[in-house]
Number of protein chains: 4
Amino acid sequence: MKKMKRAGTEWKIVQAAMEIIVEKGLASVSMAMIARRARTGMGAIYHHFPTKEELINNIYTKIRDLQNPVKVNDPVDQKTEDFFLSFSNHYLSFFIHRPREFFLFMDQCEQSPIISDNSKQLDERSFWPLVEVLAKGQREKLIKNDLPATALAYFVKGALDGFLRWFFTRYKDEYVISPLELTRTIWDGIKCPLEIGQ
Amino acid sequence: MKKMKRAGTEWKIVQAAMEIIVEKGLASVSMAMIARRARTGMGAIYHHFPTKEELINNIYTKIRDLQNPVKVNDPVDQKTEDFFLSFSNHYLSFFIHRPREFFLFMDQCEQSPIISDNSKQLDERSFWPLVEVLAKGQREKLIKNDLPATALAYFVKGALDGFLRWFFTRYKDEYVISPLELTRTIWDGIKCPLEIGQ
Amino acid sequence: MKKMKRAGTEWKIVQAAMEIIVEKGLASVSMAMIARRARTGMGAIYHHFPTKEELINNIYTKIRDLQNPVKVNDPVDQKTEDFFLSFSNHYLSFFIHRPREFFLFMDQCEQSPIISDNSKQLDERSFWPLVEVLAKGQREKLIKNDLPATALAYFVKGALDGFLRWFFTRYKDEYVISPLELTRTIWDGIKCPLEIGQ
Amino acid sequence: MKKMKRAGTEWKIVQAAMEIIVEKGLASVSMAMIARRARTGMGAIYHHFPTKEELINNIYTKIRDLQNPVKVNDPVDQKTEDFFLSFSNHYLSFFIHRPREFFLFMDQCEQSPIISDNSKQLDERSFWPLVEVLAKGQREKLIKNDLPATALAYFVKGALDGFLRWFFTRYKDEYVISPLELTRTIWDGIKCPLEIGQ
DNA sequence: CATGAATGAGAATTCATTCAT
DNA sequence: TATGAATGAATTCTCATTCAT
């Protein structure tokens, strides 16, 4: 019962922080605003998070952790194309099936120096499989190698994020969209063209 | 040197602001830091820009204006593929041939609510030709139509920005990169697959 | 003593602000000076009053409210002369029996555009009974009607304030003064001369 | 011709300063605002007036000098009542026949510490005849002596200023007003009542 | 654990004044 | 003389953080 309440408070704070950061921007959000939105006192926030930075980083890593379950498939085990498609689909559907604040919050934070190096290492870890599979694909001559695998990975992540940006700021339910097609589109872009006769 | 010659003060401020924002991030830059870096007094900044917000927005729109020359080619006049490729190439080479601060500054600002709706309308204007050509390509059955043209445009912009992010933060001259191949990669992704037998 | 007990902070700020404004003048008082005098931090002031302007206006209206108890006697109920004299006496004795800052602060503010229209409406409300009784007196032919009642009211207020200005800046206890005689003096001025033979 | 221009500039500055101070208040007027209103550069102001304080004080004393012609009638020479009435009438008509900024500017400044002691001595000098005549009247048993002459003088000045405040902020040409009646009213107030039988 | 008033260093902004043109 | 961009100290205001209740 008590723990319930505590967990509830922490979640209310996280919720409020995400909402308000998405609305007003990282730079112009104060702890007092978060407290007001969360309907708690300032003290409650500082009970759960020692500093503002840690609050932001904590939310950031919470989301990354949700996104990257402990056990990540090893790219080596699977067919390159399958791994690539499932990685991308997972990335998209993770955000699509969650409150819009999840993606928009991450999108705000990603370029900001408030995110500690520590938190950024988490990013790297989640980014790594993508780089790996692209490199593997290049070695297998399945994927274009005009650019280093890292560059392709940035390109792919940019494309996915661009789509999600559209989804969460422009999409209006008018019709069904299929993330699957999107990941296929990216794959079509980066894969090597079939040789004639193949 | 007590007094500054008139000329160039505004540009020195813009320069300094871009540099320092790229270094420390939008949120953690103070007007005093900008003044120090620009070697002006604080008042000089406020002489040229009424508020911090307007300074940022002004730089933002200055760059967008540079990027979008008054006369934009009309997508209707050209072959779809050519227009798409030249649009994307122009976008990439604009940033690649300019100081890295240009892109990194824009990238910082783009997701931030500090950019006013007014400035964002400029974005829309520069974005529009891309949406148009994608829509035209869809009507011509040249481009996949699983997603609305706007979504594809976000996707394309995301991909280009992802690449530039890599270019300006990871690229180390090790070897020659060709933006042309990148835009071709995107085109390969979004174009309709050739029918067998064609 | 690092932290202040809650109670009384607002009053200490008001107190300090009045004192220091009376000493140095509205224009040359800074929030830092007020904070120092009140022995609070600057933040405490802004916790209670959103801006410097609102602090001033708040003090102004606080005093006006003290001065005008909710229930004001209706001029219609009483003999004109009695009402006039009691109104004036009340005005004088209110300030005479309070710290000199009360009057001197009001006197500073009254002509200053820092006092918002909103606060000025309070003035009007407290001013109204005076205008009313003068108008009534004019209708009864008890009071000279060379000038509109409003003009007379400004005149009367000016006279009372002039006296108070003397009282708080020049009076030195040398001898007893009687505000009652003053209000009588004003009355003698504005009343109609007795007809010969009456 | 040249001198003309210079005199013109100085007057434009004085004019502009008075206007804007009356509008916005002494505290919130900057030299830049004055320059803009006067349609001059900042330098022009500093050619004519070494500091902001001196500008204000200069205007203040300019008006006082206009008001108090070098030769002031000596109260001793005239009948007390005549001197009192002509003094008061002169005070009122001086302001009434001049732009409203004259009075309203003086009213703003009078309580402010920006007015130097030097300038204030001018006030005293113009105030002195009033105190003198009231004292003389008291010695002659023509004027009530419940209060010291200085107090009466403050009272009288307050009354006159109160009237002018009405005149310049409320009066709307509806009908003719007669300052003469006003000064008579004050006289009626402060003079000793006639003994019955006299 | 929770509250929110209080702290005070630091950020944004203003403005009297100077001076190259 | 006139101009107005530039200076930078002073001022207003903000906000992460603490702590008495």
Side-chain angles (χ1 to χ4, degrees), chain A residues 2-3 5-6 9-10 27-36 39-55, chain B residues 1-10 13 27-36 38-53 55, chain C residues 1-10 12-13 28-36 38-53 55, chain D residues 2-3 5-6 9 28-36 39-55:
Chain A
K2 272 241 177 125
K3 266 197 179 161
K5 196 175 170 215
R6 172 168 164 194
T9 303
E10 183 170 328
S28 44
V29 165
S30 70
M31 293 302 258
M33 283 164 106
I34 295 173
R36 213 172 309 124
R39 299 174 164 284
T40 59
M42 317 241 8
I45 299 185
Y46 282 89
H47 262 292
H48 294 279
F49 309 96
T51 67
K52 185 186 183 184
E53 254 186 51
E54 293 224 32
L55 166 61
Chain B
M1 188 216 306
K2 260 194 144 184
K3 281 291 148 76
M4 205 56 57
K5 298 308 159 304
R6 273 101 191 284
T9 305
E10 181 170 330
I13 292 165
S28 42
V29 165
S30 74
M31 293 304 255
M33 286 164 102
I34 295 172
R36 211 172 310 124
R39 299 175 161 283
T40 59
M42 317 243 351
I45 301 185
Y46 283 91
H47 192 71
H48 291 276
F49 309 96
T51 64
K52 185 184 180 185
E53 256 189 46
L55 167 61
Chain C
M1 189 217 304
K2 261 195 143 183
K3 282 291 148 78
M4 203 60 56
K5 298 307 159 305
R6 272 101 191 287
T9 304
E10 183 170 329
K12 269 171 30 187
I13 293 166
S28 41
V29 165
S30 73
M31 294 302 257
M33 285 163 102
I34 295 173
R36 211 171 310 123
R39 297 174 164 283
T40 58
M42 315 244 350
I45 301 184
Y46 284 91
H47 191 72
H48 291 277
F49 309 96
T51 64
K52 186 183 178 182
E53 256 188 48
L55 166 62
Chain D
K2 271 242 177 123
K3 266 195 178 161
K5 196 175 169 214
R6 173 165 162 197
T9 304
S28 45
V29 166
S30 70
M31 293 300 258
M33 283 164 105
I34 295 172
R36 213 172 307 127
R39 298 176 163 284
T40 59
M42 317 241 6
I45 299 185
Y46 282 88
H47 263 293
H48 294 279
F49 310 95
T51 66
K52 184 185 182 183
E53 254 187 49
E54 292 223 31
L55 166 60

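Just so it is clear, the model here is predicted, and its values are computed rather than measured.
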Measure [atom1]/[X] against [atom2]/[N] and give the value in whole Å, please.
X: I45(B); N: dG8(F); atom1: CD1; atom2: P; value: 13 Å
X: L55(D); N: dC15(E); atom1: CG; atom2: P; value: 15 Å
X: I34(A); N: dG4(E); atom1: CD1; atom2: P; value: 16 Å
X: K52(D); N: dT18(E); atom1: NZ; atom2: P; value: 15 Å
X: Y46(B); N: dT12(F); atom1: OH; atom2: P; value: 16 Å
X: M42(C); N: dT17(F); atom1: CE; atom2: P; value: 20 Å
X: E53(A); N: dT17(F); atom1: CD; atom2: C1'; value: 14 Å
X: F49(D); N: dA2(F); atom1: CZ; atom2: P; value: 12 Å

> Going from NE2 on H48(D) to CG on L55(D), what distance comes out if it is rounded to the nearest 0.5 angstrom?
Replying inline: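 If I round to the nearest 0.5 Å, the distance is 11.0 Å.
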Please give me the minimum heavy-atom distance between [X] and [Y], naming the atom from each residue.
X: M31(D); Y: I45(D); result: CE-CG2, 3.6 Å
X: I34(B); Y: I13(B); result: CG2-O, 4.1 Å
X: M42(C); Y: A32(C); result: SD-CA, 3.8 Å

> Does T40(A) have a side-chain nitrogen or oxygen under 4.0 Å from the phosphate oxygens OP1 or OP2 of dA2(E)?
Replying inline: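 Result: no.
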>> Let's see if you can work this out: which of dA2(E), dA2(F), dA16(E) has an atom nearest to the side-chain heavy atoms of H48(A)?
In response: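 In terms of side-chain proximity for H48(A), the closest of dA2(E), dA2(F), dA16(E) is dA2(E).
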> Mind checking whether H47(B) and T9(B) have side chains closer than 4.5 Å, heavy atoms only?
Replying inline: no
> How do T51(B) and M31(D) order along DNA chain E: which one's closest nucleotide is nearer the 5' end?
Replying inline: T51(B)
>> Assuming nearest nucleotide by heavy-atom distance, tell me which of S30(B) and H47(C) is located more 5' along DNA chain E.
In response: H47(C)
> Taking for each residue the nucleotide of DNA chain F bearing the nearest heavy atom, is the 5' side occupied by M33(C) or by A44(C)?
Replying inline: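 Closer to the 5' end of DNA chain F: M33(C).
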>> Going by purine N1 to pyrimidine N3 plus the second Watson-Crick contact, or the G-U wobble pair, all under 3.5 Å, which nucleotide sits opposite dA20(F)?
In response: dT3(E)
